[in-house]
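Everything on this sheet refers to the single structure shown next.
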Amino acid sequence: MPDVRDGLRDGLQAALAGAGVVPAPAEIALERPRDLSHGEWSSNVALTAAKAARRPPRQLAEEIVAHLSAEPPPHVVAVEAAGPGFVNFRLAPSWLHAVLAEVVAAGAEGYARNETGAGRSVSVEFVSANPTGPLHAGHGRWAAYGDSLCRLLERCGYRVTREFYVNDRGRQIDLFADSLAARRRGDEPPEDGYHGAYVAEWAAEMPGGADARQWGLERARRDQTDTLVAMNVAFDLYTSETDLVARGAMGEALHELDSRGMVYEHDGAVWLRTGEFGDSADRVLVKSDSEPTYFLPDIAYHHEKFSRGELVIDVLGADHHGYVPRMRAALAALGHSAESYEALIGQNVTLRRGGVEVRLSKRAGNMVLVSELLDEVGPDVTRLVYLLQSIDTTQTIDIDVVSAQSAENPVYYLQYAHARIHSLSRQAAARGVRRYPLADVDLSVLVHERELDVLRALAGLPDTVLAATRARAPHQVTAWARELAAAFHRFWHDCPILHDDVGDELRQARLWLVEATRVGLAVALTILGVSAPERL
RNA sequence: GCCCUCGUAGCUCAGUGGAUAGAGCAUCGGUCUCCUAAACCGUGUGCGCAGGUUCGAUUCCUGCCGGGGGCACCA
């Protein structure tokens with residue numbers, strides 16, 4: 001599919017050759033200036049190649065411009081040297097009409113798809129909440145983020161396995177079972193046990209004579225899975241720590257580390273030389289009471305994941321970041337390359353209700369559950385709210401704002417754009433207006449700035465998808481969708497479609513513009529895992 | 001004390017090695033005989049501080065200050 005940039009690059013290449021820049025720059029960068037007065041596209045080659053060309057950047061830029069003006073690339077109406085040495089391209093609207101046709105031809109399934117990850121597999125682990133309770137609002141962030149990241153990777157051609165690790169053995173599970181059993185008897189849970197209200201509720205459900213441990217695990221798992229399903233998050237693989245140990249994976253990992261000379265005994269415990277691989281200290285794999293630490297099965301699990309992904313990604317909360325160096329070290333000790341393991345650390349979520357911040361705590365009763373958010377605002381708003389901002393910032397979700405049906409709620413802006421598109425379809429059908437085949441429509445009548453702005457936004461989606469994937473930042477897609485919605489709302493305001501005084505040609509072209517917008521929105525919403533209502 | 005992370009407008013947040021740093025909310029004021037006004041238009045003395053790298057730094061590096069998180073033979 002021809003990209004305008006291909007033509008511009010070819011032109012620049014030829015111009016550079018014509019200007020006698022001998023070792024042509026390996027890469028010619030083209031960017032969209034934030035200020036349209038600098039043209040539709042701009043290149044800084046003259047700045048980067050100035051040294052090699054042995055002349056001032058501005059002068060080189062002017063030579064390039066001279067060459068390009070003599071033989072302008074497709075769609076180009078003017079080339080200018082500007083600022084310290086930028087080469088700016090002014091384009092005819094025809095380049096955007098080509099974008100419209102491309103969007104429509106590719107459709108929601110194909111537009112903004114790329115092959116950068118083709119043939120590569122990646123394992124992404126996220127959420128992995130302990131099976132000792134429901135998912136809280138913090139888990140919800142990783143569910144939304146992890147799943148959308150996977151959708152981005154898939155759109156870039158990667159084969160993705162969504163993984164959830166279940167820590168279903170060890171001390172926390174014992175405490176949870178003890179807490180359940182205590183509540184069942186009508187006693188208080190142990191001091192360091194689980195005190196959340198859900199424990200008492202679940203204990204009341206528990207049949208007499210049930211094994212608190214087994215029953216509790218299943219109850220918690222079911223609760224978590226229900227929530228994930230409601231959030232439109234589907235995992236490909238759940239790995240139980242108990243199963244992992246039972247099938248010997250832990251022993252194998254230990255053996256492999258040992259055979260590589262990475263393990264030693266000290267004070268009756270078995271240690272891993274993580275300190276030699278960038279961790280701040282060596283870590284215990286098997287305690288002096290012969291019980292493995294949580295770390296050993298975790299290593300075994302991560303080791304296994306490489307059979308499913310050449311690239312292994314963990315999505316972790318900031319409270320687990322201290323764990324990354326030791327896992328990185330353990331994987332290095334097993335011979336995995338540093339680039340093949342990626343730990344993405346996200347900051348915590350805080351909730352505000354009635355102007356008061358609600359601290360998330362596992363043991364206290366003030367925990368806000370994902371299921372509560374889902375009940376209050378529904379899955380679409382929940383996911384979109386999580387994906388509104390970067391995981392690098394601590395997120396404060398104001399439940400009052402998010403649950404309000406008002407302009408303060410950023411979610412409605414997007415949904416309203418979507419609803420308007422469908423409203424138009426209904427109106428058109430009611431008036432007997434139908435869309436002609438695109439081939440029969442003259443798009444060159446689309447010259448209104450509002451129309452062109454929508455198309456400019458649509459033109460940027462493939463780059464946004466690529467950049468968001470590389471940055472592991474699904475929120476960039478949300479930001480893009482808001483931009484598209486804004487452009488669309490402005491277009492809607494200024495450009496009538498079905499009104500009687502709109503000519504047939506223009507009406508048809510605008511109908512297709514709306515269709516392209518629908519496609520663009522659909523792509524973004526699919527990546528975000530959100531569906532939008534057809535009417536508000 | 002050590003490590004990680006963040007610090008951008010009154011508030012919540014985008015953003016980027018480039019040319020005049022953007023949205024939403026809030027404030028104030030405008031726009032429906034017209035496809036949904038949950039929209040649109042106007043209204044803005046901001047990149048924590050100090051060095052460094054660079055033709056160019058809000059962006060990269062170092063230090064400092066401030067917020068959050070983490071430093072177990074717990075998970």
Side-chain angles (χ1 to χ4, degrees), chain A residues 29 31 33-35 37-38 42 44 47-48 50-51 56-58 82-86 88 130 132 167 169-173 175 192 241 266-271 280-281 283-295 297-298 317-325 345-348 350 388-398 401 404-417 419-428 430-431 433 450 473 475-476 478-480 482-483 485-486 488-502 507 510 514 535-536:
Chain A
E31 58 171 27
R34 56 168 132 253
D35 188 342
S37 70
H38 294 136
S42 175
N44 65 357
L47 290 154
T48 53
K51 204 165 277 179
R58 180 70 197 215
F86 292 102
N88 295 339
N130 283 351
T132 55
N167 283 107
R169 61 192 284 280
R171 184 175 148 71
Q172 293 305 318
I173 302 300
L175 279 171
D192 49 358
E241 185 180 347
H266 177 71
D267 287 347
V270 179
W271 297 70
S280 55
R283 305 290 170 180
V284 171
L285 295 177
V286 183
K287 296 187 269 184
S288 50
D289 63 3
S290 333
E291 277 297 308
T293 60
Y294 78 95
F295 188 36
D298 224 7
D319 53 338
H320 284 86
H321 87 264
Y323 152 102
V324 173
I345 310 297
Q347 301 302 307
N348 295 330
T350 311
L388 233 29
Q389 48 195 261
S390 157
I391 60 161
D392 290 339
T393 53
T394 56
Q395 181 174 37
T396 304
I397 296 178
D398 190 322
V401 168
Q405 309 237 333
S406 74
E408 275 181 83
N409 191 336
V411 172
Y412 286 104
Y413 192 73
L414 271 182
Q415 296 195 330
Y416 188 44
R420 277 183 153 173
I421 290 171
H422 285 270
S423 165
L424 182 77
S425 303
R426 289 191 295 270
Q427 278 294 326
R431 300 180 189 202
V433 174
R450 298 309 199 198
H475 77 278
Q476 292 181 1
T478 317
W480 178 86
R482 294 171 80 176
E483 263 176 49
F488 180 72
H489 284 309
R490 285 193 283 266
F491 157 74
W492 182 276
H493 190 266
D494 291 354
C495 302
I497 301 163
L498 300 176
H499 294 181
D500 294 339
D501 53 352
V502 177
R507 172 176 302 138
R510 283 180 175 169
V514 173
R535 61 181 84 209
L536 289 187

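Bear in mind the structure is a predicted one, so any value in this text is a computation, not a measurement. Protein chains get the first letters and strands the later ones, always in sequence-line order, with residue 1 at the start of each.
Closest contact between the side chain of A/N88 and the listed nucleotides B/A14, B/G68, B/A19 involves B/A19. Checking B/C35, B/C40, B/G69 against the side-chain heavy atoms of A/R490 singles out B/C40 as nearest. For A/Q389, counting side-chain heavy atoms from C-beta on, the closest listed nucleotide (B/U12, B/G70, B/C73) is B/U12. Listed nucleotides B/A39, B/G69, B/C35 differ in distance to A/W492; the shortest reach to its side chain belongs to B/C35. Closest to the side chain of A/S42, from the set B/C35, B/A75, B/A19, is B/A19. The side chain of A/R34 lies closest to B/A21 when the candidates are B/C35, B/A21, B/U12. In the set B/A14, B/A38, B/A75, B/A75 carries the atom at the smallest distance from any side-chain atom of A/H320. Of the candidate nucleotides B/A38, B/A75, B/A37, B/A75 has the atom lying nearest to any side-chain atom of A/N130. In the set B/A19, B/C40, B/C35, the nucleotide with an atom closest to the side chain of A/A82 is B/A19. In this structure, of B/G68, B/U20, B/A39, it is B/A39 that holds the atom nearest to the side chain of A/H493.
A/N88 and A/S42 share a side-chain donor-acceptor pair at under 3.5 Å. The closest side-chain donor-acceptor pair between A/N130 and A/T132, if any, does not fall under 3.5 angstrom.
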In the 5'-to-3' direction, what one-character label does each nucleotide of nucleotides 2-11 of chain B receive under the scheme B = base within less than 4.0 Å of a protein heavy atom, S = sugar-phosphate only, - = no such atom?
-> -BBSS-----
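When the side-chain nitrogen and oxygen atoms of A/H475 are compared with OP1 and OP2 of B/G15, one or more of them lie within a distance under 4.0 Å. Side-chain nitrogen and oxygen atoms of A/Y413 include at least one within less than 4.0 Å of the OP1 or OP2 phosphate oxygen of B/C40. A sub-4.0 Å separation between OP1 or OP2 of B/A14 and a side-chain N or O of A/W480 is absent. Contact annotation: A/Q476 reaches the phosphate of B/G15 (side-chain N/O to OP1 or OP2, under 4.0 Å). Distances shorter than 4.0 Å separate some side-chain N or O of A/R420 from OP1 or OP2 on B/A37.
The shortest distance between side-chain heavy atoms of A/R169 and A/P292 falls below 4.5 Å. Within the 4.5 Å cutoff, side-chain heavy atoms of A/I497 are placed close to those of A/L424. Looking at A/D192 and A/R171, their side chains come closer than 4.5 Å, going by heavy atoms from C-beta outward. A/S390 is not listed as a side-chain neighbour of A/Q347, based on a closest heavy-atom distance of 4.5 Å or more. Contact check for A/L388 versus A/H475: no side-chain heavy atoms found under the 4.5 Å cut-off. Proximity of A/L47 to A/P84: side-chain heavy atoms (C-beta onward) are separated by under 4.5 Å at one or more points.
Counting atom types as modelled, A/Y294 pairs a side-chain N or O with a base atom of B/A75 as donor and acceptor under 3.5 Å. The base of B/C35 has none of its N or O atoms less than 3.5 Å from a complementary donor or acceptor on the side chain of A/S423.
In this structure, A/H38 atom NE2 and B/U20 atom C1' are separated by 8 Å, rounded to whole Å. Between the P atom of B/G22 and the CG atom of A/D35 lies a distance of 8 Å, rounded to the nearest Å. Taking atom CD1 of residue A/I397 and atom P of nucleotide B/C25, one finds them 19 Å apart after rounding to whole Å. Rounding to whole angstrom units, CD1 of residue A/I391 and C1' of B/A14 are separated by 16 Å. Between the CD1 atom of A/I497 and the C1' atom of B/C35 there is a distance of 7 Å, rounded to whole Å. Per the geometry, CG belonging to A/L414 stands 13 Å off P belonging to B/C25, to the nearest Å. What separates OH of A/Y323 from C1' of B/C71 is a distance of 16 Å, to the nearest Å. Between A/H499 atom NE2 and B/C32 atom C1' the separation is 11 Å, expressed in whole Å.
From A/R420, atom CZ reaches atom NE2 of A/H493 across 8.0 Å, with rounding to the nearest 0.5 Å.
Between A/D501 and A/R507 there is no salt bridge, since no side-chain nitrogen of the basic residue lies less than 4.0 Å from a carboxylate oxygen of the acidic one.
Looking at heavy-atom distances under 4.0 Å, A/R431 makes contact with sugar-phosphate atoms alone, never a base. Backbone-only engagement by A/R450 is indicated by non-hydrogen atom pairs under 4.0 Å involving sugar-phosphate atoms exclusively. Residue contacts for A/P57: at a heavy-atom cut-off of 4.0 Å it reaches no nucleic acid atom on any strand shown. A/D267 comes within contact range of at least one nucleobase, with a heavy-atom separation under 4.0 Å.
Within the 3.5 Å criterion, the main-chain N or O of A/V284 finds a donor-acceptor partner in the side chain of A/T293. Under the 3.5 Å distance criterion, the side-chain polar atoms of A/R283 are left unmatched by any main-chain donor or acceptor of A/F295.
Annotated as syn: B/C32, whose O4'-C1'-N torsion sits within 90° of 0.
In RNA chain B, runs of at least 3 consecutive Watson-Crick or G-U pairs, each pair with both distances below 3.5 Å, span B:1-7 with B:65-71, B:10-13 with B:22-25, B:28-31 with B:39-42, B:48-52 with B:60-64.
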